[in-house]
Protein chains: 2
Amino acid sequence: MPQNKVQVPRISDAVAASLERRILEGSLKPGDRLPPERELAVELGVSRPSLREAIQKLASKGMVQSRQGGGTYVTDRLESTFFDPWQDMMGAHPNLREDLLEFRRMLEGQAAEWAAERATDADLTRLNQAFEAMNQAFDADDSERRASTDIDFHQAIGEATHNVLIGHLSAALLRLMQDNIRLNLGELKTIPAAISLLKSQHAAIHTAITERKPSAARAAAETHIDFVRESLAQSLRSAARRQTAERRLSANTTDFSASSIS
Amino acid sequence: MPQNKVQVPRISDAVAASLERRILEGSLKPGDRLPPERELAVELGVSRPSLREAIQKLASKGMVQSRQGGGTYVTDRLESTFFDPWQDMMGAHPNLREDLLEFRRMLEGQAAEWAAERATDADLTRLNQAFEAMNQAFDADDSERRASTDIDFHQAIGEATHNVLIGHLSAALLRLMQDNIRLNLGELKTIPAAISLLKSQHAAIHTAITERKPSAARAAAETHIDFVRESLAQSLRSAARRQTAERRLSANTTDFSASSIS
DNA sequence: ATGGGTAATTGGTCAAACCAATATTTACGG
DNA sequence: CCGTAAATATTGGTTTGACCAATTACCCAT
């Protein structure tokens with residue numbers, strides 16, 4: 001009964017691996033919608049049933065989600081498996097934010113350094129696009145777009161390191177931090193001075209990577225995080241003062257600690 | 001773009017759940033052969049593609065195995081079905097292992113450096129305990145204890161950094177790597193020379209942290225990871241050679257037919 | 001009996017079509 | 001002019017039927 005023979009390669013496995021690789025490498029980001037099955041089948045040169053079997057495999061792994069009539073989307077389970085518990089924890093223990101920023105300082109610095117060393121021309125093109133989009137979003141007064149393009153920019157850097165852990169972690173941590181900020185501060189104060197400073201910092205990172213100067217890139221990234229850390233601490237202090245004042249006005253204990261997302 | 005609506009039940013999910021239940025309940029024991037797809041399809045009242053999608057789901061979970069012309073069998077090692085998406089991803093994409101090691105080199109280096117700077121006396125006490133326990137486990141020939149005490153030691157370092165992200169992440173990544181090694185290589189070659197080298201490397205990290213020499217601690221940690229990376233690559237190469245030799249004996253014409261993917 | 005060759009079995013893949021839920025566009029009415 | 005509802009297009013879900021390829025089972029000649 002035992003079957004020692006070579007396993008015949010299944011086409012659905014090859015397709016699943018191909019899609020999985022695209023997701024891991026970041027060309028299919030979490031939240032992205034896959035092309036329609038009929039198109040994707042043609043593009044990959046396989047029949048629709050085979051494509052569907054591959055998609056079902058990925059769906060059973062929780063990497064994609066399909067809705068009839070809607071489309072098939074890449075889930076963010078990859079990041080959430082690592083950091084879903086963290087979101088709750090961040091709400092309960094705000095001092096975690098400092099740990100996160102310290103960690104990000106190391107991560108983003110290393111990412112910028114490696115990106116400057118290893119980025120291919122394609123990587124630089126993507127980085128340029130993300131950089132331009134982010135600058136436009138920063139000029140406009142759309143905090144939603146600002147946040148998402150910021151993530152895209154840092155993720156583009158992460159992908160240029162050619163290390164999937166860096167790419168996913170840096171994007172996940174940035175997203176985690178942004179969500180946490182939105183949760184706890186509502187809207188971060190966007191004073192024009194900070195905006196322009198952020199823009200110049202991003203530009204410094206961008207040029208250092210483009211000109212392939214690893215140590216300069218690392219320094220620029222670390223400076224950027226240091227600034228974020230400092231200005232965030234400042235905002236928190238003022239927010240705390242405001243809350244204290246409000247508390248003094250009305251003996252009203254508004255305490256919300258359990259904030260479970262996803 | 002958000003999908004708040006109720007998910008439509010997919011028939012392939014229902015079929016997969018049905019088969020999974022039969023397997024877990026024991027009416028389909030490990031090693032059993034499923035009925036032919038055509039029969040099973042009519043028995044379950046679904047079409048063959050739907051049945052196949054369900055089977056692919058189970059196959060991707062490692063619960064069944066199919067051979068063209070042979071049949072579909074319930075896999076006999078149910079206990080090895082891990083639910084960690086990163087785990088089977090590492091199996092599918094071995095180059096992830098290199099990414100992981102590169103990432104760990106940065107992480108462990110930074111952890112050792114910060115630990116040397118910040119460890120309190122209590123931290124050092126815990127670190128000493130973990131260090132002693134690990135040494136005992138390495139002297140004994142208990143690979144199980146060796147792995148767990150190794151995790152404990154690195155986690156003690158992580159905790160001494162007073163950054164929860166570092167602590168949890170370094171332990172999680174080490175565990176992930178150990179599981180992956182166990183899964184792919186069975187038992188890692190434990191040549192005595194490697195054992196004593198590992199012991200001395202651990203001792204170097206331990207002393208550097210105890211004596212509060214941050215840069216020495218970082219260097220020792222990085223040396224340690226470099227050694228692990230090199231010896232792991234060596235083991236993988238020899239394993240690959242062994243597999244090649246086996247393949248050569250059975251003179252199988254390896255056939256690559258899936259070409260138009262990606 | 002045994003060996004080899006043939007036929008039946010069975011998973012793998014593809015094609016075309018239709019259904020159902022969703023998304024998008026259009027048209028209508030306020 | 002805007003908002004809402006109907007109509008249309010898009011897209012995943014499912015079925016049928018067919019053919020291919022690997023495996024297994026069978027049968028016959030030696």
Side-chain angles (χ1 to χ4, degrees), chain A residues 1-19 28 31-60 62-75, chain B residues 1-19 28 31-60 62-75 250-261:
Chain A
M1 287 322 99
Q3 50 278 15
N4 315 357
K5 298 307 180 61
V6 189
Q7 282 285 18
V8 177
R10 278 171 287 263
I11 200 174
S12 59
D13 282 333
V15 172
S18 169
L19 293 177
L28 283 176
D32 278 3
R33 189 170 109 172
L34 298 185
E37 292 184 350
R38 294 167 177 80
E39 286 181 23
L40 197 52
V42 175
E43 179 185 332
L44 294 173
V46 302
S47 70
R48 200 166 152 233
S50 298
L51 206 212
R52 281 186 58 79
E53 288 184 5
I55 290 180
Q56 298 300 329
K57 279 175 191 283
L58 296 185
S60 85
M63 299 185 65
V64 299
Q65 251 176 322
S66 301
R67 271 162 41 244
Q68 179 174 169
T72 301
Y73 293 81
V74 179
T75 66
Chain B
M1 69 200 115
Q3 51 273 26
N4 314 352
K5 300 306 178 65
V6 191
Q7 282 286 18
V8 177
R10 280 171 289 266
I11 201 171
S12 59
D13 281 333
V15 172
S18 167
L19 292 177
L28 282 176
D32 279 2
R33 187 171 119 178
L34 299 185
E37 290 184 352
R38 294 167 176 81
E39 286 182 22
L40 197 52
V42 292
E43 179 184 333
L44 294 172
V46 301
S47 69
R48 200 167 148 229
S50 297
L51 207 212
R52 280 185 59 79
E53 287 184 4
I55 289 179
Q56 298 297 331
K57 278 175 192 283
L58 297 185
S60 85
M63 300 187 67
V64 299
Q65 264 178 321
S66 300
R67 271 165 40 245
Q68 180 175 172
T72 301
Y73 293 81
V74 178
T75 207
S250 53
N252 279 329
T253 59
T254 53
D255 172 48
F256 298 83
S257 50
S259 53
S260 58
I261 311 294

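Values in this document were obtained by computation on a predicted structure and should not be read as measured data. Residue numbering restarts at 1 for every chain, and letters A, B, ... go by the order of the sequence lines.
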Just do the side-chain contact (heavy atoms from CB on, under 4.5 Å) check on Val42(A) and Glu39(A) with the steps written out, would you?
CA-CA 5 Å; Val42(A) 175; Glu39(A) 286 181 23; 5.9 Å; no
Rounded off to whole Å, could you give me the [atom1]-to-[atom2] distance for the [X] and [N] pair?
| X | N | atom1 | atom2 | answer |
| --- | --- | --- | --- | --- |
| Arg10(B) | dT15(D) | CZ | C1' | 18 Å |
| Glu53(A) | dG13(D) | CD | C1' | 14 Å |
| Leu51(A) | dG12(C) | CG | P | 17 Å |

Of all heavy-atom pairs between Gly62(B) and Thr75(B), which one has the smallest distance, and what is that distance?
O-CG2, 2.9 Å
Contacts of Ala41(B) that satisfy side chain to side chain contact (heavy atoms under 4.5 Å, CB included) - sequence neighbours left out
Leu51(B)
Not counting sequence neighbours, which residues clear side chain to side chain contact (heavy atoms under 4.5 Å, CB included) with Ala59(A)? List them please.
Val64(A), Lys57(B)
Phosphate OP1/OP2 of dT15(D) contacted by Ser50(B) side-chain N/O (<4.0 Å)
yes
So, is Arg52(A) near the phosphate of dG13(D), with a side-chain N or O under 4.0 Å from OP1 or OP2?
yes
Distances under 3.5 Å between nitrogen or oxygen atoms of protein and nucleotides 9-11 of chain D:
residue : atom : partner  : partner atom : Å
dT11(D) : OP1  : Arg33(A) : NH2          : 3.2

What residues from residues 40-49 of chain B pass a heavy-atom cutoff of under 4.0 Å to DNA chain C?
Arg48(B)
side-chain hydrogen bond (donor to acceptor under 3.5 Å, both in side chains) against Arg48(A), all qualifying residues, sequence neighbours excluded:
Glu37(A)
OG/Ser50(B) to CZ/Arg10(B) distance, rounded to the nearest 0.5 angstrom?
12.0 Å
Inter-axis angle, terminal five-pair segments of the helix from dA1(C)-dT30(D) to dG30(C)-dC1(D) [nearest 10°]
10°
